[in-house]
Amino acid sequence: MNQTNPPGTTTRRTVDEVERMLPPGQLFTLGLQHVLVMYAGAVAVPLVIGGSLGLPKDQISYLISSDLFCCGIVTLLQCLGIGRFAGIRLPVIMSVTFAAVMPMLAIGANPDLGLTGIFGATIAAGVISTLLVPLVGRLMPLFPTVVTGVVITSIGISIMQVGIDWMAGGKGNPEYGSLRYIGTSFLVLAFILLVTRFTKGFFSNISVLLGILFGFGVAIGMGEVNLTGLDEAAWFAPIVPFAFGWPTFDPISIATLTVIMLITFIESMGMFLALGDIVGHPASRGDIVRGLRVDGIGTVIGGIFNSFPHTSFSQNIGLVSVTGVSSRWVCVMSGGILLAFGLIPKMSLMVASIPPFVLGGAGIVMFGMVLATGIRILARADYNSNRHNLYIVAISLGIGMIPTVSGHFFQHFPAALQPLLHSGILLATLSSVLLNLFFNGYQPDLSHQPRPLLVGPVRPVDPRP
């Protein structure tokens with residue numbers, strides 16, 4: 001299992017690790033770990049949409065189940081694929097994008113559109129963006145090492161804010177910043193570090209899951225776990241298409257969500273590049289195109305099955321860094337678990353009861369790994385013979401941090417631009433691409449890119465405890 005590879009076989013070894021099938025018990029445990037990491041973010045969007053539109057509790061619950069069901073389907077497409085619908089086939093978890101929340105709320109607030117208007121715009125935007133994927137794939141030459149490093153670093157900075165909010169109790173919590181929330185988060189973090197330091201093999205790989213379970217037990221002892229509605233929740237409830245009525249297709253709404261999809265494509269491209277670097281499987285143009293195509297197809301599926309636009313989840317890229325497990329079959333298992341959660345409301349409600357502050361300690365570890373990946377890629381850029389790269393990095397990361405450090409910075413800009421301006425990842429990406437073109441020009445040949453550098457070793461899973 002730990003054989004030394006002959007020279008020149010590094011890429012083959014890491015590709016095999018991506019394709020490696022683990023024992024069923026390990027697959028389930030590692031897959032569940034991925035689900036627990038993304039679950040809070042996955043259910044947040046239907047909760048926000050349903051609550052803002054004043055939907056009754058049973059309809060909001062159905063939105064959540066539909067969302068999990070779609071997350072499972074699209075994750076399977078991305079990691080496993082079916083014929084021409086094969087995705088990037090790396091360990092990717094798919095879920096609804098936060099970038100579309102504000103536009104969807106604006107669509108839903110229109111009494112002539114409502115929820116069916118959101119679903120109609122989602123379906124149409126998914127179709128249009130899928131057709132545009134080949135064009136987006138041609139943008140790969142715009143992402144040399146310095147740009148890729150900026151994009152991945154900005155992803156780490158942006159999602160770190162999510163982890164920090166989790167540690168403090170979650171956004172909207174009236175006791176945000178409570179010492180017991182922060183203290184528990186650091187206790188979970190300490191537990192994860194102890195497991196990582198003093199265990200080996202499989203237990204070390206599931207340190208995040210063990211930390212979450214430990215924190216959940218602590219939260220129960222604190223009386224912070226709310227299981228209201230668990231007894232009433234059904235054991236099985238099918239998800240049917242167009243459960244809220246036939247979709248409404250409004251041209252302005254469709255155009256708005258199409259723009260949002262193109263924005264998420266840029267973010268997804270950065271995430272695919274980051275993941276490829278982490279697992280030692282550099283993402284080619286064909287990989288990027290297949291991955292983005294599933295983003296578009298997943299959005300169509302979301303609109304049909306009462307959900308919303310889908311994209312790859314950056315939280316789980318950090319988890320891949322932490323565990324060092326590169327097998328895409330782990331995320332295939334995650335897709336199956338998500339499908340089950342969508343069809344079994346009692347299970348989904350149980351997982352939803354995990355308080356955000358329990359996830360906070362794990363978030364610092366995982367999101368920090370994404371940030372570390374970006375920094376190490378930036379370290380490979382040439383700053384000696386090309387001092388302009390320093391300007392690209394400095395200015396782009398500064399611009400990308402604006403939404404993170406000053407939420408009201410763009411408040412007087414046109415409302416139509418707000419979804420774009422509040423994405424630090426997008427701002428950093430656009431800035432680095434434009435500055436790189438200004439200083440270094442267009443370089444269609446990316447063969448000069450250095451070999452990928454891993455955050456940590458892509459180590460096989462030891463079946464022994």
Side-chain angles (χ1 to χ4, degrees), residues 8 10-11 14 136-161 266-285 287-288 314 317-318 320-322 324 364-406 409 421 423-458:
T10 301
T11 300
T14 53
V136 177
R138 296 181 182 274
L139 300 178
M140 280 291 290
L142 298 178
F143 291 82
T145 299
V146 65
V147 174
T148 301
V150 166
V151 172
I152 297 172
T153 302
S154 68
I155 292 173
I157 293 173
S158 296
I159 62 176
M160 186 62 75
Q161 185 180 24
I266 295 175
E267 295 185 357
S268 290
M269 187 182 298
M271 294 174 195
F272 294 150
L273 291 170
L275 184 60
D277 199 85
I278 290 169
V279 303
H281 188 319
S284 66
R285 175 181 164 187
D287 294 330
I288 296 293
S314 51
I317 294 176
V320 174
S321 292
V322 173
I364 293 298
V365 178
M366 296 179 300
F367 306 160
M369 283 294 185
V370 178
L371 182 58
T373 300
I375 293 172
R376 297 190 69 174
I377 293 174
L378 286 175
R380 302 204 306 256
D382 178 14
Y383 302 106
N384 295 321
S385 60
N386 186 357
R387 64 185 181 87
H388 293 147
N389 283 342
L390 285 172
Y391 287 91
I392 296 172
V393 174
I395 295 171
S396 299
L397 289 181
I399 291 176
M401 289 182 66
I402 291 175
T404 301
V405 301
S406 179
F409 187 89
L421 298 175
S423 171
I425 301 171
L426 178 66
L427 292 178
T429 300
L430 292 178
S431 174
S432 59
V433 166
L434 294 175
L435 287 173
N436 181 65
L437 289 174
F438 176 71
F439 285 121
N440 300 324
Y442 179 70
Q443 300 176 358
D445 181 12
L446 289 182
S447 60
H448 64 282
Q449 292 240 59
R451 294 171 69 92
L453 180 64
L454 305 182
V455 167
V458 180

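The basis for the numbers below is simple: all heavy atoms, side chains too, and nothing from hydrogens, waters or symmetry mates.
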Participant: When you compare the side chain of Met160 with that of Ile364, does any pair of heavy atoms fall below 4.5 Å?
Facilitator: yes
Participant: Atom CZ of residue position Phe409 - does it have more than 12 heavy atoms of other residues, nucleotides or ligands inside 6.0 Å?
Facilitator: no
Participant: Looking at every non-hydrogen atom in both residues, tell me the closest pair between Ser432 and Val147 and how far apart they are.
Facilitator: OG-CG1, 3.5 Å
Participant: Keeping Asn389 on the side-chain end and Tyr383 on the backbone end, is there a donor-acceptor pair under 3.5 Å?
Facilitator: no
Participant: Under the 3.5 angstrom rule, does the side chain of Ser406 hit a backbone N or O of Pro403 as a donor-acceptor pair?
Facilitator: no
Participant: With respect to Ser396, which candidate in Val150, Thr153, Leu430, Val146 satisfies the side-chain contact (heavy atoms from CB on, under 4.5 Å) definition?
Facilitator: Val150
Participant: Nearest 0.5 Å, what's the CD1-CG distance between Ile395 and Leu435?
Facilitator: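 Reported to 0.5 Å precision, the distance equals 5.5 Å.
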Participant: In sequence, state the C-alpha distance, the side-chain angles, and the governing distance for Asn440 and Ile392, and then conclude on side chain to side chain contact (heavy atoms under 4.5 Å, CB included).
Facilitator: CA-CA 10 Å; Asn440 300 324; Ile392 296 172; 3.7 Å; yes
Participant: Distance check, rounded to the nearest 0.5 Å: Leu434 atom CG versus Ile399 atom CD1?
Facilitator: 9.5 Å
Participant: Taking atom NE2 of His388 and atom CG of Asp382, what is their separation to the nearest 0.5 Å?
Facilitator: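 Rounded to the nearest 0.5 Å, the NE2-CG separation comes out at 12.0 Å.
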Participant: Starting at CD1 of Ile375, measure out to CG of Leu397 and round the result to the nearest 0.5 Å.
Facilitator: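 Here the interatomic distance stands at 9.0 Å.
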Participant: Do the side chains of Val151 and Leu273 get nearer than 4.5 Å, heavy atoms only?
Facilitator: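 Heavy-atom side-chain distance check fails, nothing below 4.5 Å.
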Participant: Are Leu142 and Asn436 side-chain neighbours, meaning at least one heavy-atom pair lies under 4.5 Å?
Facilitator: no
Participant: Please determine whether side chain to side chain contact (heavy atoms under 4.5 Å, CB included) holds for the pair His281 and Asp287, giving the CA-CA distance in whole Å, both sets of side-chain angles, and the decisive distance to 0.1 Å.
Facilitator: CA-CA 10 Å; His281 188 319; Asp287 294 330; 4.0 Å; yes
